[in-house]
Undergrad: 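Input: one structure, supplied below.
Naming: A, B, ... by sequence-line order, numbering from 1 per chain. Quick caveat, the model's predicted, so the values are computed rather than measured.
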Amino acid sequence: MVEGQIPIEEYKTGNTKHKWDNKKMKSSHKILTKYTYKKGEIQKGYTNRTLHINLTTNEVKEKKITEDMKKKFTGGRGFGLKLLWDSIKPTTRWNSEENELIITTGPLCGTTQYPGSGKSLCLTVSPSTNIICDSNVGGFFGPYLKFAGFDAVEIQGKAKKDVILLIDGEEGKITIETAPNEETNSHILADQLTYMYASEDNERSRQKISVVSAGKGADHSFWGCLNFSFWDIRRKTARLKQAGRGGLGTVLRDKKIKAIVAKVEKISGVSNNPADPVKLARVGTKIHKEIRDLDRYQCNMRAVGTSHLVEIMDAYDLLPTENYRFGCFPKASKIYSPHFYELFTKVIPDGCWHGCTMACAKTVDGFTVKTGPYKGQRVTVDGPEYETVGCGSNMSLWDPLWILEFNFYCDTYGLDTISTGTGIAFYMEMYEYGILNKKRCGGLELCFGNSEAVMELLHRIANGDKGDFIKTAAKGIRRVKDWMIKKGWGDKQLIEDTGMESKGLEYSEYVTKESLAMQGGYGLTLKGPQHDEAWLIFMDMVNNAIPTFKDKAEALHYFPMWRTWFGLNGLCKLPWNDIEPANNAETDEPAKVPEHVQSYVEYQNAVTGWNVDKEEIILQSERCYNWQRAMNVWMGRGRRKDDWIPYRSMGPVTEMEYNSRKERYDKQLIEKLGLSEKQVENMSVSEKMKTLYDYRQNQYQKLADAVYYRRGWTPNGVPTPQKMKQLGMDDSKILEMLQQKINEDKKAGFNVWGGKYSKGEKPPSNDPHYWEKW
Amino acid sequence: MIEVNGKKVDWVENETVSQLLKRVRYIFPLVVVKINDKVILKKDFSTYSIPDNSKIAVIHMISGG
């Protein structure tokens, strides 16, 4: 027993107990395919094979991983990109027969000696964006997939009826079986299947099962997420972590997959078979000790998880409120982390994978559900994490208990809290302006702060409501924008400027108006506005450490590459910079947390037996990052126009927003645009807003110029064949495709810098075709 | 007058690092403070008095996200 831990038998959640006839449910399964395989052994982090399942033909096969594939794509998300490249077409859409749902692991995934080592990376062609979306998630499935024998599973085709895919690492078999009678919603389904497939009726046996599922919300929306379960032996329930972004759960349900179940024979500290276990133990022990000793004085993640960010974002004017109109709000203190701390179950270590000292996966047990099909039942709610709390403020909802209700239903219905919250916040603003109204919203009074209407909307989505509004709203902001514009409701510019999506994906929960670099961190990205590529707001807006375009471009090169690396290896990024060594302040580049970077270098070497350095691990990412961008280009996106962001993320769209921070904006007109105080005094608010609008739009274009140049892309954002070759990515098909697209852009006049440069300013290179000289 | 992250801020006699951080509402816990390029250790935040004309960098670690 460790300090603070309580014995298994002593803890009771108080949750409602269910009784299911698992035998009867299982007996109704019809086995469509049974495939047996040789279990094999993990060698230095790799199983060296992937699993391919085709649901149309019910075929199962194994694919070998070559040394060349490891060299170029490393693992995890990189493997997913390679497998997709080999399987889909440029015209493939989310619901195409050939689209794949891929779950990958990574060579470090499943390690128990280093915190944050249980992440899976999931990829598919997204319904929201029509390009590849990747999403990372904790829970036990990724490690179990690997321990069962596979570095990745790719699922193609569609089943005719609901099926369960069982990857049974205990017996070495894969089955595809119909599943007509199980629940669809995740919090029930994960429990049912865990009991159903556990070899024995005890907690340790149930702990060897992990379930991937979505829910009824994913059946009827583009916001479908994947829930990855991990059996909690103290709470005696399946807990859930989410691969939230981009509609992966929508694709799961489109393929008629009710669940994917992984089962393992055993779990041990050396399951990954590391090349150098002694070195691994050494680097792991160091970070464990650091987290144990310092977290309580730093981010306090072990007590409150990421919810600690709520009060910080509010203090720095970054907490999205009323659809990102504002960054702080007087009522925000009602949802600060101490309120959630009161609700969280304490004294139970809460990691989502074994050995994670960070233990930030908090829960509220025995929560009484107030609405919908589970009204009156007591359940465990996983979370809320910062982003979900931020959804509350974005919809102007300030009750922690309501946020838990929203969190619970989003999870069990398989809806991404971020897209759902950001989407509804936009619909609320449209409602406030009369562009939407009760009639147009199917009877819902969707004004800011109406918690009942939000829950009703979620339940109607899950029930498959056929009304125009619900059907369209569930497809996200982009489709609602198009719908309202087509109907002729409201001002097109206002709709485009206020709906917080880019590439079709909803923004996550940070206000970026005063950080140009973070605008790029959301816009100049591969999958859309998710903060996992770069989070530069403090570095840019507060520290003022990257003042020039060149500085910002360097940050928008390094950090996306560094953060991508976690996804190639099956890691969580939180132990990198949500904890820092005591002497981090004294290092040359404290923002990079150099000691931790070096630990990750040693960690990868210890598991794989390689001898890489910190430069090489950035190259590992750069190869995959450029490959993914090239695939975007291949699929008809991945150009400057696709990196467009709505003006709400750049500056004030409405007079109310301008006036709420008048002193700040007036000052900028003087200091940054060179207007005199007298001139500003004589301008109307709308004139000032227009001046600021033009300035900020141009700043963003100049940023894009600098970033594309730093990344070795054309001025239209296309990775150049020369850059790909430098990185060792020499696939002739992709190189030819890129050259062809560049030629087409040239012909159309797009290979020119996008910013307007005034006297004394220069674009990043005088020659916009600079790469041709390489 | 002192400079904090490139912005002019009034100097307050005998003000400590902790007091300054509170005054400018820098509540984030993961910060590195440098005064005239010298790192101030966290343990000294509540005792170190800021001299006039100091150039102060309050580096917020990235965290979040």
Side-chain angles (χ1 to χ4, degrees), chain A residues 294-301 306 308-318 328 386-387 390 508-510 518 521-522 530-545 547 555 559 562-563 573-574 576-580 582-587 589-593 671, chain B:
Chain A
L294 300 177
D295 173 67
R296 73 191 75 176
Y297 308 109
Q298 296 183 5
C299 290
N300 209 20
M301 298 281 277
T306 57
H308 79 94
L309 286 166
V310 180
E311 45 268 39
I312 292 161
M313 294 304 126
D314 187 47
Y316 287 81
D317 205 16
L318 300 168
C328 59
Y386 164 74
E387 300 291 336
S508 63
E509 310 307 316
Y510 299 98
M518 191 59 211
Y522 271 139
Q530 169 70 356
H531 52 276
D532 62 344
E533 278 202 16
W535 199 92
L536 303 175
I537 303 183
F538 281 165
M539 190 182 252
D540 189 31
M541 181 185 103
V542 184
N543 302 346
N544 197 20
F559 288 103
W562 169 239
R563 285 171 172 248
K573 80 99 207 163
L574 296 179
W576 159 53
N577 72 343
D578 282 70
I579 184 79
E580 63 177 55
N583 64 350
N584 189 50
E586 296 153 47
T587 59
E589 295 182 289
K592 291 182 179 175
V593 200
E671 290 180 358
Chain B
M1 191 69 77
I2 54 175
E3 195 180 296
V4 181
N5 287 357
K7 289 176 191 156
K8 301 278 181 209
V9 174
D10 287 335
W11 177 67
V12 175
E13 198 173 356
N14 294 327
E15 186 175 45
T16 65
V17 173
S18 295
Q19 288 164 336
L20 172 73
L21 295 179
K22 200 171 174 188
R23 177 158 66 102
V24 296
R25 294 200 71 203
Y26 283 172
I27 66 159
F28 188 57
L30 283 179
V31 290
V32 174
V33 175
K34 287 184 180 179
I35 298 183
N36 300 323
D37 283 333
K38 184 188 158 202
V39 173
I40 309 299
L41 298 178
K42 266 196 182 144
K43 67 178 177 62
D44 299 326
F45 279 13
S46 56
T47 52
Y48 191 99
S49 295
I50 299 163
D52 196 8
N53 300 314
S54 291
K55 206 172 170 181
I56 302 162
V58 183
I59 305 165
H60 291 56
M61 296 297 98
I62 295 169
S63 188

Undergrad: Taking A:N584, A:I579, A:I312 one by one, which has the highest count of heavy-atom pairs under 4.5 Å against chain B?
TA: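 Top count of heavy-atom pairs under 4.5 Å with chain B: A:I312.
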
Undergrad: Measure B:L41 against the heavy atoms of chain A and call it side chain, backbone, both or neither at under 4.5 Å.
TA: side chain

Undergrad: Does any non-hydrogen side-chain atom of A:N577 lie less than 4.5 Å from one of B:M61?
TA: no

Undergrad: If you count heavy-atom pairs under 4.5 Å with chain B, which of A:A591, A:S508, A:A585, A:P547 comes out on top?
TA: A:A585

Undergrad: Where is the tightest heavy-atom contact between B:H60 and A:N543, given as atom of each residue plus distance?
TA: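 Looks like N-OD1, 2.8 Å.
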
Undergrad: Can you confirm whether more than 12 heavy atoms, excluding those of B:D52, are under 6.0 Å from its CG atom?
TA: yes

Undergrad: In terms of heavy-atom pairs under 4.5 Å, which option from A:E509, A:M539, A:E580 contacts chain B the most?
TA: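 Looking at each of A:E509, A:M539, A:E580 in turn, A:E580 comes out on top.
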
Undergrad: So what's closer than 4.5 Å to chain A heavy atoms on B:V39: side chain, backbone, both or neither?
TA: side chain

Undergrad: Once you round to the nearest 0.5 Å, how far does CG of A:N544 lie from NZ of B:K7?
TA: 7.0 Å

Undergrad: If only atom types and distance count, is the side chain of A:Y316 paired as donor or acceptor with the main-chain N or O of B:I27 below 3.5 Å?
TA: yes

Undergrad: Does any heavy atom of chain B fall under 4.5 Å from the side chain of A:M541, the backbone, both, or neither of them?
TA: backbone

Undergrad: What part of A:A315 is in contact with chain B, defined as an atom under 4.5 angstrom from a non-hydrogen atom: side chain, backbone, both or neither?
TA: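 It is both, since atoms from each part get that close.
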
Undergrad: Roughly how far apart are B:F28 CZ and A:E311 CD, rounded to 0.5 Å?
TA: 11.5 Å

